[in-house]
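If you're wondering where the values come from, they're calculated on a predicted model, not measured in any experiment. Because only heavy atoms are used, hydrogens play no part in the values below, and waters and symmetry mates are left out as well, while side chains stay in. Indexing begins at 1, ligand by ligand and atom by atom, following the structure's order.
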Amino acid sequence: MTPCPQFIGGEWLQSKSAVTPVFNPSTGEIIAECPVGSLAEVNAAVAAAHAAFPAWRDTPPVERVRVLAKFKMLLEEHFEEIVTCNTREHGKTLVESRGDVKRGMEVVEFALGATSLLMGEVLENVARGIDCEAIRQPLGVCVGITPFNFPAMVPLWMYPVAIACGNTFVLKPSEKVPLTAIKIAKLLEQAGLPKGVLNIVHGGREVVDALLTHPQVKAISFVGSTPIARYIYEVGTKHGKRVQSNGGAKNYVIIMPDADAENSSRGVIEAAFGCAGERCMAGSTAVIVGSAEKSVLPTLVEVTRRIRVGPTDREAQPDMGPVITRQHRDRVLELIETGIRQGAKISADGRGVKIPDAPKGYYVGATILDHVQTSMTVAQEEVFGPVLNVMRMDDLDAAIELANKSFYGNGASIFTRSGKAAREFKHRINCGMVGINIGVPASMAWFPFNGWNDSFFGDLHMQGREGIQFYTQQKVTTSRWFSYGEGDIWHK
Ligand code: NAD
């Protein structure tokens, strides 16, 4: 059993609270026990972060960044170990885990630029002899609460930027995948981060509520499902915290009649079935426009039927791994059945997958539900599994209108050879991350991770310059000097 300690004030401590099992989704075996945490542990972690803040705030940005530079080197050195740990507790393939870790490392690279990114603004002579400057200062103790689906990347969206800005941090990773977060934090400790600057507490609702309402916590970054994201935003802001809260999504991929069959099928398949569909940027609905029904859809179905699902915790890798838990697998299967009952036609069937090597793993094969209608449950709920809905529309206007009815707003893509169609789509689509001839694209570290509508609650997104703005507050100083003062003997 892999240990699952908390990290408080620079000490790795075994919690005394009850535990919840962490599974290897490929086999169904229990690999660790994650503490449910306690109020006392939350208080200790926040107190440690609060105590570490004054010295860390006053550490010159260039010295803070040097710790992160060492951290980045250690992440490279231990890359494959992190990848293996990630795959073992999450179930995604090794290739997908490498992507997960790399995307997180890019945020560390971005945070290495903090010395430039933190620079303020100055205007000389705002009035005669008066100058004005705006500088950015850290907030204090910041908190991160993260989901199961990107065990490496999502925590790394948060604390490297927060601590580069001079804040201290308490991370509460998902109780389903705590091990990768621990492994990565150990490298930051090894890089020389002072005690208490980063802390980790484990747990669920009780621990989250204690963090949300703690008087010494200044800011909350959350990533997870929409109902919880909304709750975090409401409770956090009510308690005076700055909050950025990313929710769930339902992303549309529009395939125009002139789209290249092979490239667009590949793009849709990667978007729909990458990480077994457990991505907030999953392209979970393909909107087939006009004759794309004949030119693209048959290839899409044929390639989907060939996707091999299987265990990811061994050398021979499948195309797609399991979903996170048995309960989640049952929910996905139930949503497929509901879709069929409500009139969808199954054209690639991932039900009833049997993996003789790993009979207790949580597998659902790649599934396509065709002729989905907006009223169906599968069209309305985020499935978060390897299920692609196919809907059909007569033209681009109708396809955009359909996508814009969604109350989510993370991403959408179009496949077309027409610049005009792409331009119209980009201009009119109601979401924050747009793809043109590419599967629904998650923004890279230098750009905001830009959810709209019910996919995001708050004002400043994670990543990019908005991340720096979120973790700092501005101070504007206006100054005037009347005389040179005593001692300036050289001036007449
Ligand atoms: P989740 O909402 O169940 O859990 C997220 C975090 O909230 C976990 O740390 C969990 O312990 C905590 N939590 C769960 N229930 C809670 C409650 N009642 N009160 C307080 N805290 C609670 O999400 P998940 O299943 O871990 O992750 C999948 C979801 O995350 C999907 O909806 C996906 O779209 C979303 N997601 C969004 C983004 C984004 O950037 N928009 C990125 C990744 C995942």
Side-chain angles (χ1 to χ4, degrees), residues 20 22 25 34-37 42 89-92 99-100 103-104 107 143-158 170-178 180-181 200-213 220-236 243-251 274-284 323-325 327-329 331-332 381-385 406-411 431-433 440-443 445 447-458 461-464 466-467:
T20 167
V22 179
C34 182
V36 299
V42 169
E89 68 177 347
H90 177 281
K92 62 179 78 176
D100 185 345
R103 280 299 189 96
V107 183
V143 161
I145 301 157
T146 54
F148 79 82
N149 67 324
F150 280 89
M153 178 186 77
V154 174
L156 289 172
W157 277 353
M158 302 173 180
V170 179
L171 174 68
K172 202 242 31 106
S174 166
E175 63 278 25
K176 295 182 185 121
V177 293
T180 306
I200 297 180
V201 288
H202 298 294
R205 178 163 191 166
E206 199 192 333
V207 162
V208 170
D209 281 345
L211 289 166
L212 278 182
T213 55
I220 313 272
S221 301
F222 174 85
V223 178
S225 56
T226 286
I228 314 293
R230 185 184 281 115
Y231 170 78
I232 299 283
Y233 182 75
E234 287 174 358
V235 177
V243 182
Q244 52 179 192
S245 195
N246 291 11
K250 197 117 186 120
N251 307 303
C275 296
E278 292 175 322
R279 296 191 306 140
C280 67
M281 295 302 281
S284 50
V323 297
I324 187 73
T325 55
Q327 291 83 337
H328 189 52
R329 178 199 61 197
R331 177 181 172 269
V332 172
E381 284 189 23
E382 184 186 34
V383 178
F384 223 57
S406 171
F407 53 87
Y408 292 113
N410 253 7
C431 68
M433 289 173 273
V440 189
S443 307
F447 293 91
F449 195 89
N450 212 36
W452 284 14
N453 309 331
D454 281 2
S455 293
F456 178 69
F457 304 89
H461 294 90
M462 289 165 217
Q463 294 199 148
E466 284 193 40

- Note on the structure: Ranking Gly411, Ser225, Gly409, Cys280 by closest non-hydrogen atom to atom 36 (N) of ligand 1, top hit is Cys280
- Message: Going by the closest heavy atom to atom 5 (C) of ligand 1, which one wins out of Val223, Ile228, Ile145?
- Response: Val223
- Measure Phe150 to ligand 1 on non-hydrogen atoms and call it side chain, backbone, both or neither using the 4.0 Å cut-off. neither
- Query: Is there a protein heavy atom less than 4.0 Å away from atom 1 (P) of ligand 1?
  - Reply: yes
- Query: Side chains of Glu382 and Ser225: do they bring a donor and an acceptor to under 3.5 Å?
  - Reply: no
- Message: For atom 40 (O) of ligand 1, what's the nearest protein heavy-atom neighbour? Residue, atom name and distance, please.
- Response: Asn246 ND2, 2.9 Å
- Message: Would the distance check show the side chain of Lys172 and the main-chain N or O of Val143 forming a donor-acceptor pair, the cut-off being under 3.5 Å?
- Response: no
- the protein heavy atom lying closest to atom 19 (N) of ligand 1 turns out to be Arg205 CG, 3.6 Å
- Query: Is Lys92 reaching over with its side chain to a backbone N or O of Asn149, donor-acceptor style, under 3.5 angstrom?
  - Reply: yes
- Message: List ligand 1 atoms under 4.0 Å from Glu175, heavy atoms only on the residue side.
- Response: 10 (C), 11 (O)
- Under 4.0 Å, heavy atoms only, figure out whether ligand 1 is touched by the backbone of Arg279, its side chain, both or neither. neither
- Rounded to the nearest 0.5 Å, the CZ atom of Phe449 sits from the CZ atom of Phe456 at a distance of 11.0 Å
- Counting from 1 in the order shown, the ligand 1 atoms closer than 4.0 Å to a non-hydrogen atom of Asn149 are 43 (C), 44 (C)
- Item | Side chain Lys250, main chain Glu381, donor-acceptor under 3.5 Å | yes
- Query: Just which atoms of ligand 1 are under 4.0 Å from any heavy atom in Phe449?
  - Reply: 39 (C), 40 (O)
- Is it true that a side-chain atom of Glu89 and a backbone atom of Thr180 form a donor plus acceptor pair closer than 3.5 Å? yes
- Message: Check whether Ser221 reaches the backbone of Met158 with its side chain - one donor and one acceptor, N or O, closer than 3.5 Å.
- Response: no
- Query: Do the non-hydrogen side-chain atoms of His202 and Glu175 ever get within less than 4.5 Å of each other?
  - Reply: no
- Just distances here: any N/O of Phe384 and N/O of ligand 1 closer than 3.5 Å? no
- Task: May I ask you to identify the nearest protein heavy atom to atom 27 (O) of ligand 1, giving residue, atom name and distance to one decimal place in Å?
- Result: Pro147 CB, 3.3 Å
- Item | Heavy-atom nearest neighbour in the protein, as seen from atom 26 (O) of ligand 1, with distance rounded to 0.1 Å | Phe148 N, 3.0 Å
- Item | Backbone or side-chain N or O of Tyr231 under 3.5 Å from ligand 1 N or O | no
- Message: Quick check against the 3.5 Å criterion: does Arg331 have a side-chain atom that pairs as donor or acceptor with the backbone of Val383?
- Response: yes
- Could you check which of Ser245, Gly248, Gly247 puts a non-hydrogen atom nearest to atom 37 (C) of ligand 1? Gly247
- Message: Show the atoms of ligand 1 that are less than 4.0 angstrom away from any heavy atom in Asn410.
- Response: 41 (N)
- Query: When you measure from the side chain of Ser455 to the backbone N and O of Gly247, does any donor-acceptor pair fall under 3.5 Å?
  - Reply: no
- Report the nearest protein non-hydrogen atom to atom 32 (O) of ligand 1: residue, atom name, distance rounded to 0.1 Å. Glu382 OE1, 2.6 Å
- Message: Test of understanding: given a 4.0 Å heavy-atom threshold, classify the contact between Phe456 and ligand 1 as side chain, backbone, both, or neither.
- Response: neither
- Task: Would you confirm whether Asn251, through its side chain, and Ser284, through its main-chain N or O, come within 3.5 Å as a donor-acceptor pair?
- Result: no
- Message: Tell me whether the rings of Phe148 and Phe384 are parallel (<30°), tilted (30 to 60°) or perpendicular (>60°).
- Response: perpendicular
- Contact (N/O only, under 3.5 Å) between Val154 and ligand 1: no
- Query: Between Trp157 and ligand 1, which residue portion shows a heavy-atom distance shorter than 4.0 Å: side chain, backbone, both, or neither?
  - Reply: side chain
- Message: Keeping His90 on the side-chain end and Phe150 on the backbone end, is there a donor-acceptor pair under 3.5 Å?
- Response: no
- Any N or O of Thr226 that comes nearer than 3.5 Å to an N or O of ligand 1? no
